[in-house]
Amino acid sequence: QVQLVESGGGLVQAGGSLRLTCAASGRTFSSFAVGWFRQAPGKEREFVVALDWSAVYVADSVKGRFTISRDNAKNTVYLQMNSLKTEDTAIYYCAAGQYSVSASWYKYWGQGTQVTVSS
């Protein structure tokens, strides 16, 4: 079993930065691909970025602004978000599973952390 806990969300002005952290428990965490998804009010959950060993896939909407990284020794995944826009406002979820842009391929999910970008 893998448990994921996100942190680092908050309120930031447009143009600012935040770093989200996803802390994982479970000895098998390093064997999974990791991804970040987000869900804005009234919208479906959408893919943000995924990482599988050295392969990274980034959604066009955040390309050049968001960066994913992981530290397997610490069982931690990070999402560095720069040049934030108001449309980035959402609940951000960390997930572990098979490398994919589809949420259905991720078996484990965190509870989410709110990111609010003000204009």
Side-chain angles (χ1 to χ4, degrees):
Q1 281 283 39
V2 175
Q3 291 185 325
L4 305 173
V5 179
E6 302 96 334
S7 62
L11 174 64
V12 63
Q13 286 190 330
S17 298
L18 280 176
R19 188 176 79 158
L20 304 184
T21 298
C22 175
S25 62
R27 293 181 297 173
T28 61
F29 174 69
S30 61
S31 66
F32 292 106
V34 293
W36 287 93
F37 290 77
R38 66 186 182 186
Q39 188 166 16
K43 295 187 176 181
E44 293 186 354
R45 189 170 300 190
E46 67 170 351
F47 168 79
V48 177
V49 62
L51 172 65
D52 183 19
W53 297 103
S54 60
V56 178
Y57 192 81
V58 184
D60 287 343
S61 58
V62 304
K63 195 166 292 183
R65 301 188 297 122
F66 289 15
T67 304
I68 187 173
S69 61
R70 73 189 295 174
D71 185 338
N72 285 330
K74 295 182 179 180
N75 269 7
T76 303
V77 180
Y78 304 98
L79 180 65
Q80 178 66 43
M81 306 186 295
N82 299 326
S83 302
L84 283 160
K85 305 175 181 180
T86 55
E87 52 262 45
D88 294 320
T89 295
I91 299 174
Y92 283 72
Y93 297 90
C94 173
Q98 291 193 25
Y99 183 65
S100 175
V101 302
S102 173
S104 62
W105 287 96
Y106 290 84
K107 184 175 182 180
Y108 302 104
W109 290 84
Q111 83 290 348
T113 185
Q114 176 71 48
V115 171
T116 303
V117 184
S118 63
S119 59

Do the ring planes of Phe47 and Phe37 sit parallel (below 30°), tilted (30 to 60°) or perpendicular (above 60°)?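 Taking Phe37 first and then Phe47, their aromatic rings stand perpendicular (interplane angle over 60°).
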Kindly assign one of parallel, tilted or perpendicular to the pair Phe32 and Tyr108, based on the angle between their ring planes and the thresholds 30° and 60°.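 Perpendicular, since the angle between the ring planes exceeds 60°.
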Any chain of hydrophobic side-chain contacts (each under 4.5 Å) joining [X] to [Y]?
X	Y	answer
Val58	Val77	yes
Val48	Val115	yes
Val12	Phe66	yes
Leu51	Val2	yes
Trp105	Val34	no

Between [X] and [Y], what is the shortest heavy-atom contact and its length?
X	Y	result
Glu6	Tyr92	OE2-O, 3.9 Å
Ser17	Ser83	OG-N, 4.3 Å
Asp88	Arg65	OD2-NH1, 2.7 Å
Ala90	Ala40	CB-N, 3.8 Å
Tyr106	Gly35	CE2-N, 3.8 Å

If you draw a 6.0 Å radius around CD in Gln3, do more than 12 non-hydrogen atoms from other residues or ligands fall strictly inside? no
Tell me whether Glu87 at atom CD has more than 12 heavy atoms from other residues, nucleotides or ligands lying less than 6.0 Å away. yes
Disulfide (SG to SG under 2.5 Å) contacts touching residues 2-69 (sequence neighbours left out): Cys22-Cys94
Looking only at atom types and distance, does a side-chain atom of Thr86 sit under 3.5 Å from a main-chain N or O of Val117, one as donor and one as acceptor?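 Answer holds: no.
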Can you tell me which residue pairs pass the side-chain hydrogen bond (donor to acceptor under 3.5 Å, both in side chains) test with a partner in residues 39-52, sequence neighbours excluded?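 Passing the test, one end in residues 39-52: Arg38-Glu46.
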Rounded distance [0.5 Å steps], [atom1] in [X] versus [atom2] in [Y]:
X	Y	atom1	atom2	result
Thr67	Met81	OG1	CE	11.0 Å
Thr76	Leu4	OG1	CG	10.5 Å
Leu11	Gln114	CG	CD	9.5 Å

Is it possible for you to check whether Arg70 lies under 6.0 Å from the centre of the six-membered ring of Phe29, through NZ or CZ, and within 45° of that ring's axis? yes
Electrostatic pair Asp60-Lys63, nearest N-O below 4.0 angstrom: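 Counted as a salt bridge, because a side-chain N and a carboxylate O are separated by less than 4.0 Å.
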What about the rings of Tyr99 and Trp53, do their centers lie closer together than 6.0 Å?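 Centroid separation for Tyr99 and Trp53: 6.0 Å or greater.
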Does a donor on one side chain and an acceptor on the other come within less than 3.5 Å for Ser100 and Ser102?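 No, no side-chain donor-acceptor pair sits under 3.5 Å.
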